[in-house]
Amino acid sequence: MTPNRRQQRRFAFQLVYALSFGQNPSKDVLAASFDNFWAEEETDMDREQSYAWILTEGVFEHREALDNIIAGHSRHWKLERIARVELAILRLALFELLHMPDVPAKVVINEAVELAKDFGDDNSGTFVNGVLDAVARENGR
């Protein structure tokens, strides 16, 4: 089975979220964690071929820059006060928005809002939408 992009995005979110509870992992730990959970997905796709890995690795490599963008666009919220669910969604969506030009901004934002609705609280979707919309406009997307 080959998962579609929505499924892979959801998988990447879950891994980015799970890893937010530990110390900053090494790239080897990231890859091992990915492989461990990816095997459970019953997919015939290798890690390196998957969109989920592109997103997960991208968030890992650009986390500091992504966090700076989030901090700059989340009015009245310090990064430490943003719930881990929203933070993981924002990191993932911002990476996709800024580094995956083949994916329309509307798709990125919509998918992030759906993740926020599924995993966050009642205000998560609005918060995520506001931050991502501001960044998209700022970047001409």
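Because the structure is predicted, anything quoted here is derived from the model rather than measured.
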How long is the span from the [atom1] atom in [X] to the [atom2] atom in [Y], to the nearest 0.5 Å?
X	Y	atom1	atom2	result
Lys117	Thr126	NZ	OG1	8.5 Å
Ile69	Ser74	CD1	OG	11.5 Å
Arg137	Asp133	CZ	CG	4.5 Å
Asp118	Ile89	CG	CD1	8.5 Å
Arg91	Leu66	CZ	CG	8.0 Å

Would you please classify the geometry between the Tyr17 ring and the Phe21 ring as parallel, tilted or perpendicular, with 30° and 60° separating the classes? perpendicular
Measure up the Phe34 and Phe11 rings against each other and bin them: parallel (under 30°), tilted (30 to 60°), perpendicular (over 60°).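 Perpendicular, since the angle between the ring planes exceeds 60°.
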Could you tell me if the side chain of [Y] sits less than 4.5 Å from the side chain of [X], heavy atoms only?
X	Y	result
Ser33	Leu19	yes
Val135	Leu97	yes
Glu57	Lys27	yes
Leu115	Val128	no

Does the distance from a Lys or Arg side-chain N to an Asp or Glu carboxylate O, for [X] and [Y], drop under 4.0 Å?
X	Y	result
Glu96	Arg9	yes
Asp102	Arg5	yes
Arg10	Glu111	no

Within 6.0 angstrom of Glu48 CD, more than 12 heavy atoms from elsewhere: yes
Check whether any side-chain N or O of Asn139 sits under 3.5 Å from a backbone N or O of Arg141 as a donor-acceptor pair, and report yes or no. no
Report yes or no: does His99 contribute a side-chain atom to a donor-acceptor pair with the main-chain N or O of Phe95 at less than 3.5 Å? no
For [X] and [Y], which heavy atoms make the closest approach, and how far apart are they?
X	Y	answer
Leu132	Ala93	CD1-CB, 3.6 Å
Ala136	Ile109	CB-CD1, 4.2 Å
Ala52	Gln8	N-OE1, 2.9 Å
Val59	Leu92	CG2-CA, 3.7 Å
Arg6	Asn4	N-OD1, 3.0 Å
Met100	Tyr51	CE-CE1, 3.4 Å

Between Asp121 and Ser124, do the side chains contain an N or O donor and an N or O acceptor separated by less than 3.5 Å? yes
Hey, mind stepping through Val85 and Phe13 against side chain to side chain contact (heavy atoms under 4.5 Å, CB included) and telling me if it holds? CA-CA 9 Å; Val85 167; Phe13 156 72; 4.2 Å; yes
Go through the steps to decide whether Trp53 and Leu30 satisfy the test side chain to side chain contact (heavy atoms under 4.5 Å, CB included), and finish with yes or no. CA-CA 10 Å; Trp53 175 249; Leu30 178 73; 3.9 Å; yes
With hydrophobic residues grouped by side-chain heavy-atom distances under 4.5 Å, do Val29 and Phe60 end up in a single group?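 No: no chain of side-chain contacts under 4.5 Å links Val29 to Phe60.
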